Amino acid sequence: MTAPRVVVSGLGFVTSIGNSQAAVTESLRTLRSGIESYEFMPGANLPIKVVGTLKEFDTTSLQWAGWKWPEGYKFSREVLRGMAPHGLYALCASEQLIADARLTAADLTADDTGLFCASAGSPRLIRHFLNQIHESRGERIPPMGVVSTIAGTLNFNLAAHFGIRGAVAGFVSACASTTQAIGYACDEIRLGRLRRVLVVGGEDLNMESVYSFHGMRALSRNPDPTRASRPFDRDRDGFVGTGGAAALVIELAESARARGAPIYAELLGWGQAADGYNVANSDPDGRGLSMAMRRALADAKVAPGEIDYVNAHATSTPVGDASEAKALHATFTAVGAHPAVSSTKALTGHGLSFSGAMETAFCAVSIAQGFIPGTANLENPDPVCAGLNLPRTTLPIAPRTVLKDSSGFGGCNVCLVLRRWEP
Amino acid sequence: MITVALAQKRINESLVGFPPRVTEAYLAFAEHGDVASLDIVVLGVLHFYLAKKTSEPLDTLPGTTRLVEDLGCDSLTMMDTVFMAESLLDIKIDDSQLARLSTLDELLGYIRTQVKNRATTAA
């Protein structure tokens, strides 16, 4: 019996480098950055000066009725009233996704269509709603306060909106969440439980969601938008935050083909492993990540030397990037493999729980469009990277097989292996 | 006591996206305490949260219009409406009383009473 083949058959983007697949592709190809100067608290002289901004959106209002989004999307109050800002972003990305994948309403509500989501919830709205309860001494509780704020808000809202019936799940593995969601979606399809899974990740972009990371000194204090996010560089000093949403359809190949959906890549396999080391920091030797890479390669039945491109997690933190470089050495350099490695976070900033979905979608674009994006802002590679193939400019090379890795708090490491669709 | 300044603050913070007719009525109610303005505010809030909007403002519909059967009010619509009405008018709406309200007239009558009782208690 032939094993089921799983593919990526639709994409949707609301990111700092573009709100459409066309814009994102152009930004990746030309290494156009989405990072700009930003005031987390107007008037306060905070040490963090830049983020990956979202264009054409305004979600500064605490009321959904005050939000603005790009022309062309029509959402009713009924849909928005239970959402956080990143719910709006995810809704826009999902609308793109459904159109791109040529999914009908009947496809979405089929018994074998699932929805896997991830976000950190909305710290800003949680604060607002809890303040209302405290200030009224418990007399006033916003009715939609829970469903619009807690981790899970994306699954609650999108599942109801699209009428999902196959399965609904949320992932809370921090910055590895949506990569893990894609992995489990792959398994559900291979096990024959689901025909397709919409994987959607999103994050707010505001002081509460991003600046909070300064508490552990994880954010770059470099005020220069063109140099702050510099993965693998000797002078990196932290990540640059961003918000937005990304969405993919993970689907049984025969189902996507039958519908005439675009097939961007085949998802050959995935793997995960944990550090067992620290609540926030990566294992400095990258052991868990290296094991996740090897497990993904084994599941995909791919040798290290077959990997043409690695879209790295590399967020531009001193500890994390070094740990990842060691994992790459252990997995690839040690066996004589030298795939091109880049981090697109130099362009986008770090999208936290949706970064995995966003960057897996970037890999799908890279495979389908035939280029490898370089790492922007990389001037002096960290000595720990010596021996890694780190292109600084876009390579006009069509990668056949790609590895995407992600790591999150608690030492969660997840890797995916994708390949150009070869029927 | 809802002052005009307090009403304006609440309009800016909570009535984002509401039509000017409703926000102006809320300001008028804060200034004069008149029932006509109060009714426009209450019905404007209900209309805002309806899943399927009526083409006409609710205050132009018969008072016998039924909340569930005619307007399609679900429990979340009523909870949103109650939360906003309580927040704007400084009243408390009792859950058991709410369940007994079935028409626009009954809703308006109940809230008028709560507002009147609040004013009496405050005095």
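In what follows, chains are A, B, ... by sequence order, proteins preceding strands, each numbered from 1. Being a predicted model, the structure only gives us computed values, none of them experimental.
Counting heavy atoms from C-beta on, the side chains of E139(A) and E86(B) never come closer than 4.5 Å.
Neither the backbone nor the side chain of K52(B) comes within contact range of chain A, judged by heavy atoms closer than 4.5 Å. Both the backbone and the side chain of F48(B) come within less than 4.5 Å of a heavy atom of chain A. Looking at D74(B), only its side chain comes within 4.5 Å of chain A, counting heavy atoms on both sides.
To the nearest 0.5 Å, the span separating CE on M144(A) from CG on L76(B) amounts to 5.0 Å.
Within residues 125-135 of chain A, the residues having any heavy atom less than 4.5 Å from a heavy atom of chain B are, in residue-number order, Q132(A). Applying a 4.5 Å heavy-atom cutoff, the residues of residues 61-96 of chain A that approach chain B are S61(A), Q63(A), W64(A), A65(A), G66(A), R77(A), E78(A), R81(A).
The number of heavy-atom neighbours closer than 6.0 Å to NZ of K9(B), taken from other residues, nucleotides and ligands shown, is 12 or below.
When the options M78(B), M84(B), M79(B) are evaluated for a side-chain contact (heavy atoms from CB on, under 4.5 Å) with P143(A), the one that passes is M79(B).
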